[in-house]
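All figures in this text were calculated on a predicted structure; none of them were measured in a lab. Hydrogens, waters and symmetry mates are skipped; everything else that's a heavy atom, side chains included, is used.
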Amino acid sequence: MLRNKESTQQLFDNWAKTYEQDLENASGPLFGYNHSLEEASRMLQVDDSHLILDIGIGTGAFASLLSQNDDLIWGIDLSEEMLKQCRSKHPRYHLQKGTFTETGHSNERFHSLISSFCFHEVLPNEREKACAEIYRILKPGGKLLLLDIMFPSSAAMDEARRKMANKWDSTEDYPIVHDLDAMLRHAGFSDLCWRQTAPCHWAVLARK
């Protein structure tokens, strides 16, 4: 059974203090976590004058790879405990609670929108809404960089599930690359560029 919003928030509230340490030697679908952050960060060139929003910012690891101007980093997360950890590491970031479908930001505000290992937490029936929301808050010509656990097909995901056995999380519903590609294009994004960064990780760069 898939987790709901409340159980996901509780999961990350409980995990916040050890999150970075635990993922140093990530296994299962998260294997290659740090390598994927570094690989994906190279896909987007960010001007230090650009306003960036990180959705599901967690402890701030992804945002810190993309920009050195902390004053222009905004972040939202479902978990207040994750936000506390992020504030302690990056006190100049602008942080608040929020989600992919409820960002709390105005139209065309950000030059870049980034996210890592968060989109799969959006319930499948809300993913189109999430794509429309991130399109809304990006400036014209703005860029989206999204990294997550994904699979090129349902068959590939089934194969990974069999191989990982007890390391597979049955409460997750991971996106299929083809499906997310279609949702992003339907929302209005163009020039999509996909890159596989680890066995179960894909990143996409798209332009509004």
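- For the atom pair OG (Ser112) and NZ (Lys143), the distance works out to 7.5 Å, reported to the nearest 0.5 Å.
- Every pair passing ring pair (Phe, Tyr, Trp, His ring centres under 6.0 Å) that includes a residue from residues 83-106 is listed here, sequence neighbours excluded: Trp74-His94, Trp74-His105, His90-Tyr93, Phe100-Phe119, His105-Phe110.
- Residue pairs that meet the side-chain hydrogen bond (donor to acceptor under 3.5 Å, both in side chains) test with at least one member in residues 175-186, sequence neighbours left out, are Asp181-Arg185, Asp181-Trp194.
- Using a distance-only test at 3.5 Å, with no hydrogens or angles considered, no donor-acceptor pair links the side chain of Glu39 to the main chain of Arg42.
- Electrostatic pairing of Arg162 and Glu159 does not count as a salt bridge here, judged by no charged N lying under 4.0 Å from a carboxylate O.
- Checked by atom type and distance alone, the side chain of Arg195 never pairs as donor or acceptor with a backbone atom of Ala40 at under 3.5 Å.
- Taking 4.5 Å as the limit, every side-chain heavy atom of Leu113 sits out of range of all side-chain heavy atoms of Thr103.
- For the pair His120/Asp173, no side-chain contact is recorded, criterion being any heavy-atom separation below 4.5 Å from C-beta on.
- Phe62 is not connected to Leu51 by any chain of hydrophobic side-chain contacts under 4.5 Å among Ile, Leu, Val, Met, Phe, Trp and Tyr, and they are in different clusters.
- Proximity of the aromatic rings of His201 and Phe117 is defined here by a centroid distance below 6.0 angstrom, and this criterion is met.
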For this session: Just do the salt bridge (Lys or Arg N to Asp or Glu O under 4.0 Å) check on Glu172 and Arg161 with the steps written out, would you?
Result: CA-CA 11 Å; Glu172 303 281 20; Arg161 182 188 293 112; over 6 Å; no
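- The closest donor-acceptor contact from the side chain of Asp148 to the backbone of Met150 lies at 3.5 Å or more, if one exists at all.
- Judged purely by distance below 3.5 Å, without hydrogens or angles, the side chains of Asn14 and Gln10 pair a donor atom with an acceptor atom.
- Ile76 and Met82 are members of different hydrophobic clusters when ILVMFWY side chains are connected at heavy-atom separations under 4.5 Å.
- Linking Ile, Leu, Val, Met, Phe, Trp and Tyr residues whenever their side-chain heavy atoms come within less than 4.5 Å leaves Leu145 and Leu72 in two separate clusters.
- Not a single donor-acceptor pair under 3.5 Å links the side chain of Lys208 to the backbone N or O of Gly142.
- Under the 4.0 Å criterion applied to side-chain N and carboxylate O atoms, Arg3 and Glu121 are assigned as salt-bridge partners.
- No donor-acceptor pair under 3.5 Å is formed between the side chain of Asp77 and the backbone N or O of Leu83.
- Pairs passing the salt bridge (Lys or Arg N to Asp or Glu O under 4.0 Å) check and including a residue from residues 128-139, sequence neighbours excluded, read Glu133-Arg136.
- Within a 6.0 Å radius of NZ in Lys17, other residues, nucleotides and ligands contribute 12 heavy atoms or fewer.
- Counted within 6.0 Å of CG on Asn125, heavy atoms from surrounding residues, nucleotides or ligands total more than 12; the atom is thus considered enclosed.
- Between Leu23 and Trp15, the closest side-chain pair of non-hydrogen atoms falls below 4.5 Å.
- Under the 4.5 Å side-chain heavy-atom criterion for grouping Ile, Leu, Val, Met, Phe, Trp and Tyr, Leu30 is connected to Tyr19 within one hydrophobic cluster.
- The closest donor-acceptor contact from the side chain of Thr99 to the backbone of Glu102 lies under 3.5 Å.
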For this session: Test ring pair (Phe, Tyr, Trp, His ring centres under 6.0 Å) on Tyr174 and Trp202 and set out the steps.
Result: CA-CA 11 Å; Tyr174 301 115; Trp202 288 78; over 10 Å; no
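- Placement of Leu37 and Ile52 within a single hydrophobic cluster is found when ILVMFWY residues are connected by side-chain heavy-atom separations under 4.5 Å, directly or transitively.
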